[in-house]
Asker: 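The structure follows.
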Amino acid sequence: MCNHHENDPAADSAPQDDAEDGGALAQEEHEMGRDAFDNEDDYRLHCLRHSAAHVLAQAILQLWPDARLAFGPAIKDGFYYDVDIPGVTLSETDLEAIEAEMKKVVKENQPFEQEDWTKEQAVAYFAEKGQVFKVEHIGRLPVEKVSIYRNRRKDGGEFVDLCGGPHVMRTKQAKNVKLLKVSGAYWLGDAKNPQLQRVYGTVWKTKEELDQYLFRLEEAKKRDHRKLGAQLDLFMFHDWAPGAPFWLPRGEFIYDLLGSRMRKLLAGSGYDVVKTPLVFDKKLFETSGHWDHYQENLFHFPEGHFLEGDADELEGTDQRILGLKPMNCPSHMLIFRSRKRSYRELPLRIHDQGVLHRNELSGALSGLTRVRQFSQDDGHLFCAEDQIADEVAALLELIDRVYAAFGMKVEVNLATRPEKMLGDDALWDRAEGALQEALDRSGRSYGIHKGDGAFYGPKIDFDVYDALGRSHQCATVQLDYNLPIRFDLTYVGADNELHRPVVVHRAVFGSFERFVGILIEHYAGKFPVWMCPEQVRVMTVSEKSLDHGASVTKALSDAGVRVHFDDGDSKIGYKIRQCHGMLVPYMAVIGEQELADGTVSIRSRDDGDLGTMTVEDFVAKVVSESVLPF
RNA sequence: GCCCAUGUAGCUCAGUCGGUAGAGCACAUCCUUGGUAAGGAUGAGGUCACCAGUUCGAAUCUGGUCAUGGGCUCCA
């Protein structure tokens with residue numbers, strides 16, 4: 001949607017003339033102009049990437065002349081092209097050959113020539129070439145003339161593509177190119193349409209930038225939460241429970257730390273913390289609308305004891321169907337509705353970290369970021385309309401506080417009414433106005449995601465940025481005018497009349513599973529002391545210092561420090577190496593010297609050798625670093 | 001769900017032409033009492049993801065299933 005981030009601190013400095021590569025100046029007169037980009041560099045890169053996509057398409061057509069081209073846009077960090085090659089499925093081993101063919105096109109240094117054709121002319125041309133997807137797309141374009149780009153080859157052939165541009169001047173500018181992967185992709189992104197093959201690549205202005213990008217990809221792989229999760233014994237998976245993590249002791253510590261801290265925090269700010277059922281009669285989901293609109297993601301089954309093969313006998317019976325809840329909100333509606341409510345009870349804040357199940361497509365599962373079983377720091381506020389702004393303002397404060405504790409930047413956008421919406425404009429004016437008021441009052445800068453709200457209400461989008469600058473959607477604040485209607489929620493106002501409350505869905509971490517995954521990658525496994533499952537490992541040099549080691553361990557443990565004692569008979573170098581792999585923040589080495597002095601020798605994960613200090617000083621140091629920052 | 005790739009010991013990976021499995025680390029036992037990133041010896045550990053098929057014979061070839069990884073409009 002909106003590419004502009006008002007609070008983006010990126011310097012908007014004027015671009016330098018790039019003399020070396022001949023200036024990656026793009027041609028003018030195209031739909032996606034210079035204005036769409038924050039700065040000249042981004043614009044030039046976009047031109048370059050879009051051009052590389054054309055080079056890719058030309059190469060594919062050279063190798064497979066009957067290939068049919070679909071879309072080939074520039075994307076973040078690169079480009080792709082969707083193609084359909086009759087009788088051929090590409091695999092990654094084909095990339096080398098395609099890349100070699102691209103290099104030929106690059107070497108010819110073909111100019112990109114732009115022309116405007118009438119739609120009839122374009123349809124005739126692409127139809128003659130068998131380019132059915134281009135023909136189909138031209139038919140959808142609401143313009144008189146379409147823009148095309150032409151590349152002429154040295155052998156007299158040419159490559160012509162329907163394209164609004166912009167492009168660089170010549171193909172040689174796309175020389176620092178690398179193809180990365182192939183995958184399937186549906187025509188127009190719809191699984192009902194035929195599936196095409198997508199080739200992804202990246203391209204940069206200089207060889208150095210390309211190498212740096214490939215290096216960054218490798219670095220990101222090193223902090224992959226799936227890899228670190230295994231290395232640090234945080235969680236595991238098993239084939240017999242796809243998409244459902246097993247939280248091992250160390251991972252469970254972090255999971256529980258976040259959850260219990262949040263529960264405490266909210267309980268102290270006027271929330272009622274509850275626990276609600278996992279399994280419900282499908283009537284609940286029929287009421288909430290999930291049965292009609294979310295059924296493919298709902299785990300459900302007939303009540304009772306059935307063996308394999310009994311399914312037929314269920315036909316036509318009024319067997320009760322049960323489902324695992326995919327969200328907490330419906331159960332909270334039932335709690336609100338469980339008795340007559342007064343305006344004096346509002347805002348009623350319900351918090352629930354219940355276990356949720358969503359039957360995600362098998363191909364969509366991925367580590368902790370996309371799971372079938374998870375829980376959230378989920379909460380629902382039932383309030384009167386004039387309470388929304390205050391409630392949302394408090395939430396903004398909370399979200400800021402929590403993410404600051406993890407050293408993450410939060411970017412905020414107001415998502416406004418979509419085209420298909422529930423309720424009238426006056427209602428939406430008030431709803432969006434309340435959110436806007438809260439945002440303004442927070443004194444922060446924020447953007448607007450126009451039309452990105454849900455059909456049942458506007459929301460605030462939070463993008464948090466991790467250590468690698470990647471953005472994640474975790475926190476959410478969402479107004480809902482739909483569920484209160486579906487569950488017919490009312491409260492008695494001061495006027496003794498019945499009123500409909502507004503529901504606010506809200507989460508700070510979002511899914512704990514996903515958030516822990518993000519934290520692992522954000523910190524590259526090197527968690528701050530306060531959230532480390534193991535803060536200190538005490539290790540002895542030899543048996544002679546076992547007693548001192550034990551007493552140091554006890555002193556730490558008594559002070560609430562999470563400590564392990566490595567009293568094994570391995571050499572100290574070996575113990576250090578073992579501990580190093582577990583990213584424990586402090587190692588306390590205990591030998592005869594420390595025994596004699598009553599000290600510990602400390603080695604820090606982040607700062608190396610800290611020398612010796614008294615046991616009391618070390619305990620105090622770790623305790624002071626264990627304070628939760630939120 | 002769909003496309004591509006992958007699946008061999010707890011982990012990382014070898015395994016040639018189809019001839020019933022190998023390394024390092026980890027683990028166990030013993031030796032070693034050693035001062036800041038791997039001390040030594042011995043040992044145990046595998047239905048080669050699962051199920052079929054081809055074959056005298058399958059980790060290897062074929063088909064299917066399951067799981068994992070990458071992706072499935074950041075608009076010509």
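Naming convention: chains lettered A, B, ... in sequence-line order (proteins, then strands); numbering from 1 in each chain. Because the structure is predicted, anything quoted here is derived from the model rather than measured.
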Asker: May I ask you to decide if the ring planes of Y81(A) and H54(A) are parallel, tilted or perpendicular, using 30° and 60° as cut-offs?
Answerer: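 Because their plane-to-plane angle is over 60°, the rings of Y81(A) and H54(A) count as perpendicular.
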Asker: Got a list of protein N/O to nucleotides 63-68 of chain B N/O distances below 3.5 Å?
Answerer:
unit_1: A67(B); atom_1: O2'; unit_2: D239(A); atom_2: OD1; d: 2.7

Asker: Could you list, one pair per line, each protein nitrogen or oxygen that sits under 3.5 Å from a nitrogen or oxygen of nucleotides 45-48 of chain B, together with the distance?
Answerer:
none

Asker: Between D466(A) and H472(A), does the side chain to side chain donor-acceptor pair (under 3.5 Å) criterion hold? Intermediate values first, please.
Answerer: CA-CA 8 Å; D466(A) 69 14; H472(A) 309 273; 3.0 Å; yes
Asker: Who passes side chain to side chain donor-acceptor pair (under 3.5 Å) against K222(A), sequence neighbours left out?
Answerer: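 Scan of K222(A) (side chain to side chain donor-acceptor pair (under 3.5 Å), adjacent residues dropped) gives E219(A).
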Asker: Write down the protein N/O and nucleotide N/O pairs, taken from nucleotides 26-30 of chain B, whose separation is under 3.5 Å; answer none if there are no such pairs.
Answerer:
unit_1: A26(B); atom_1: OP1; unit_2: Y574(A); atom_2: OH; d: 2.3

Asker: Kindly assign one of parallel, tilted or perpendicular to the pair W117(A) and F126(A), based on the angle between their ring planes and the thresholds 30° and 60°.
Answerer: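 Plane angle between 30° and 60°, so tilted.
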Asker: Counting only side-chain heavy atoms from C-beta out, which of C4(B), U73(B), C3(B) sits nearest to F71(A)?
Answerer: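 The nucleotide sitting nearest to the side chain is U73(B).
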Asker: Is it true that R223(A) and E521(A) make a salt bridge, defined as a side-chain N closer than 4.0 Å to a carboxylate O?
Answerer: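 Salt bridge: no.
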Asker: For the residue pair P326(A) and H357(A), establish whether any side-chain heavy-atom pair is separated by less than 4.5 Å.
Answerer: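 A side-chain contact is absent here, since even the closest heavy-atom pair is not under 4.5 Å.
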Asker: Give the nucleotide from the list G70(B), G35(B), G39(B) with an atom nearest to the side chain of S183(A).
Answerer: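 That would be G70(B).
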Asker: For the P atoms, the ones on G15(B) and on A49(B), what distance do you get once it is rounded to whole angstrom?
Answerer: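 Taking atom P in both G15(B) and A49(B), they lie 15 Å apart.
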Asker: For a stem of at least 3 consecutive Watson-Crick or G-U pairs with distances under 3.5 Å, i pairing with j, i+1 with j-1 and so on, which stems involve RNA chain B?
Answerer: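 Paired runs of 3+ in RNA chain B: B:1-7 with B:66-72, B:10-13 with B:22-25, B:27-31 with B:39-43, B:49-53 with B:61-65.
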Asker: When you measure from the side-chain N and O atoms of Y200(A) to the phosphate of C4(B), is any distance below 4.0 Å, counting only OP1 and OP2?
Answerer: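 No, outside the criterion.
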Asker: Using a strict threshold of under 4.0 Å (side-chain N to carboxylate O), is an ion pair present between K119(A) and E144(A)?
Answerer: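 No, this pair does not count.
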Asker: With sequence neighbours left out, write down each residue that passes side chain to side chain contact (heavy atoms under 4.5 Å, CB included) with T612(A), or none if nothing qualifies.
Answerer: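 If we apply the side chain to side chain contact (heavy atoms under 4.5 Å, CB included) test to T612(A), skipping adjacent residues, the hits are E594(A), T599(A), S601(A).
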Asker: Picking from G34(B), U36(B), U33(B), which would you name as closest to the side chain of I576(A)?
Answerer: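 Of the options given, the side chain of I576(A) lies nearest U36(B).
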Asker: What's the closest nucleotide to the V589(A) side chain, out of U36(B), G1(B), U33(B)?
Answerer: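 Nearest listed nucleotide: U36(B).
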Asker: Are R198(A) and Y80(A) in a cation-pi setup, meaning NZ or CZ lies under 6.0 angstrom from the ring centre and within 45 degrees of the ring axis?
Answerer: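 The answer is yes, since R198(A) meets both limits relative to Y80(A).
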Asker: With rounding to the closest Å, how many angstrom separate the P atoms on U65(B) and C3(B)?
Answerer: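 The same atom, P, in both gives a distance of 10 Å.
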Asker: Rounded to whole Å, please give me the gap between OH in Y186(A) and P in G71(B).
Answerer: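 Between P of G71(B) and OH of Y186(A): 15 Å.
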Asker: Looking at Y149(A) versus H167(A), is the centre-to-centre ring distance below 6.0 Å?
Answerer: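 Centroid separation for Y149(A) and H167(A): below 6.0 Å.
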Asker: Under the criterion side chain to side chain contact (heavy atoms under 4.5 Å, CB included), I'd like the reasoning laid out for M539(A) against F565(A): C-alpha separation, chi angles, the key distance, then a yes or no.
Answerer: CA-CA 6 Å; M539(A) 47 187 75; F565(A) 184 24; over 6 Å; no
Asker: Would you mind telling me which of C74(B), G35(B), U73(B) lies closest to the side-chain atoms of Q593(A)?
Answerer: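 Nearest listed nucleotide: G35(B).
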